[in-house]
Number of protein chains: 2
Amino acid sequence: MRRISDSTIRRLSLYLRFLEEFERDGEETVSSEALAHRGGTTSAQVRKDLSLFGSFGKRGLGYRVHELAEHLREILGLSRRFRLVVVGAGALGTALVQHSGFRERGFDVVAIFDNDPAKVGGKWDGLRTRDVADLERDLQANPVDIGVIAVPGDQAQVIVDCLVRCGIKAVLNFAPSQLTVPDDVALKNVNLSLDLEALTFALTALQ
Amino acid sequence: MRRISDSTIRRLSLYLRFLEEFERDGEETVSSEALAHRGGTTSAQVRKDLSLFGSFGKRGLGYRVHELAEHLREILGLSRRFRLVVVGAGALGTALVQHSGFRERGFDVVAIFDNDPAKVGGKWDGLRTRDVADLERDLQANPVDIGVIAVPGDQAQVIVDCLVRCGIKAVLNFAPSQLTVPDDVALKNVNLSLDLEALTFALTALQ
DNA sequence: GTTTGTGAAACGATTCACAGCT
DNA sequence: AGCTGTGAATCGTTTCACAAAC
């Protein structure tokens, strides 16, 4: 299949959100124009994005809301739930464990680890913080789908290497470092400082 | 000046990180090739990105590390510190207040607000949580540069409208909703569920 | 000889526009 | 008549390649 761009995937996720809203509002069908308007894009973009995966609409009618939502969940791999492990029980890691939005969207945090003895044993949302020394053993015994890295930058590569050894194929990285992973592992970086700096650039340039 | 793309800004921020590392390592000069290698891009890309803002290198020599870092800080607007307000004292909001990485990079969280009486008065990193009812008055008295939205999705638009009324020109939004702001306000969305869904797509497609 | 700065070429993503289905 | 699906046209970004500077 053709290579799908990151921005396409992002938009598909957004379309799914909007379809779920339309469904709650009791809408039966929706046009590419309506979806586009809701998401700040164009109807042609919506149709192109969808056409990369098949032909889900009816000419003259639009798309059936529930049916298209199902197709998108299938495409995005959201037909099942996913198990997450969070490494790093600092402010960010514990916030992620407590964040209810993940569970609502099919992501279950099943374990949290830290290397600080003062933090090991601490309970967050009913989950006991475990020692990162046991990470490899625990993950072998109890595999997860996605690893979340919330440790300081200088420890991030060691942790991601360990996760990869445990067979994890998807990593969300909050540490501000460029991590190296094998080709068959998906890696996404979230770097809040970079986002803030995009804002300072806008503030400085446009004024 | 020509319109600068988001990805260019993102790369410039990364180059700045790498330059700071090179500087710590005592390097005097650096080539576009070295910067590119460190950041997973190409030397042509580095030179194009920089050339959008001026001509900072010497042919045959490369770029002076400290000098280029200064130029980048200037371009990104990082020659001064920025004041942030966090709205929403849930797990995420309080994690952001406590996050030391921001302060290190020039961003000071100077206030945190919530609408839950149980949370108002709570101290985080020495900062007393205030009532969101006072948000507008407090911000008029004590302006900030950047607003950070860490409230549930259904309250985000009300909050951003309030921030805009207070004259804030840059907003970082963690709520999973599409916000509307005037043209002269910079808005950046961080939606962790969208990032996770990019990973589930990769997990499902590439296996 | 080395490395920048930059037009030109190649590539990729978005938008246009319309034939074809309902 | 209304709206999708999709080639063709446009636009923006990345890569190439080389003349100019050191």
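Any value given below was found using the heavy atoms of this structure, including those in side chains, with hydrogens, waters and symmetry copies removed. Below, chain A is the first sequence line, B the second, and so on; all start at residue 1.
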*Can you find a side chain N or O atom of A/Ser55 that sits less than 4.0 Å from OP1 or OP2 on D/dG5?*
yes

*Charged tip of A/Arg80 within 45° of A/Phe82 ring normal and under 6.0 Å*: yes

*asked:* So, does B/Arg59 get its side chain near the phosphate of C/dG1, meaning an N or O under 4.0 Å from OP1 or OP2?
replied: no

*Any A/Tyr63 side-chain N or O less than 4.0 Å from OP1/OP2 of D/dG5*: yes

*Please determine if a side-chain N or O atom of A/Ser32 lies less than 4.0 Å away from the OP1 or OP2 oxygen of D/dT4.*
yes

*Give a yes or no on this: more than 12 heavy atoms of other residues, nucleotides or ligands lie within 6.0 Å of atom CD of A/Glu74.*
no

*From CA spacing to verdict: side chain to side chain donor-acceptor pair (under 3.5 Å), A/Gln178, A/Asn189*: CA-CA 8 Å; A/Gln178 298 296 103; A/Asn189 293 296; 5.0 Å; no

*asked:* If the cut-off is 4.0 Å, is B/Arg11 near the phosphate of D/dT14, judged by side-chain N/O to OP1 or OP2?
replied: yes

_Heavy-atom pair with the smallest gap, counting every atom of A/Thr129 and A/Lys119_ = CB-O, 3.4 Å

_Integer-rounded Å distance: C/dG5 C1' and B/Glu33 CD_ = 16 Å

*Would you kindly give the CG-to-P distance between B/Asp49 and C/dT4, to the nearest whole Å?*
13 Å

*Option passing side-chain contact (heavy atoms from CB on, under 4.5 Å) with A/Phe113 (candidates A/Val151, A/Asp138, A/Val86, A/Asp131)*: A/Asp138

*Give a yes/no on whether any side-chain N or O of A/Gln45 is located under 4.0 angstrom from OP1 or OP2 of C/dA13.*
no

*NZ of A/Lys48 versus P of D/dG7: gap in Å, rounded?*
7 Å

*Round to the nearest Å and state the distance from A/Arg3 atom CZ to C/dC11 atom C1'.*
13 Å

*Between B/Ala44 and A/Ser5, which is nearer to the 5' end of DNA chain C once each is assigned its nearest nucleotide?*
B/Ala44

_Checking contacts here: which listed nucleotide (D/dC3, D/dA17, D/dC22) is nearest the side-chain heavy atoms of A/Ser31?_
D/dC3

*Integer-rounded Å distance: C/dG20 P and A/Arg47 CZ*: 16 Å

*Provide, to the nearest angstrom, the distance between the CG atom belonging to B/Asp6 and the C1' atom belonging to C/dA13.*
15 Å

*Rounding to a whole Å, what distance do you find between A/Leu52:CG and D/dT4:P?*
16 Å

*To the nearest Å, give me how far apart CG (A/Leu61) and P (D/dA1) are.*
17 Å

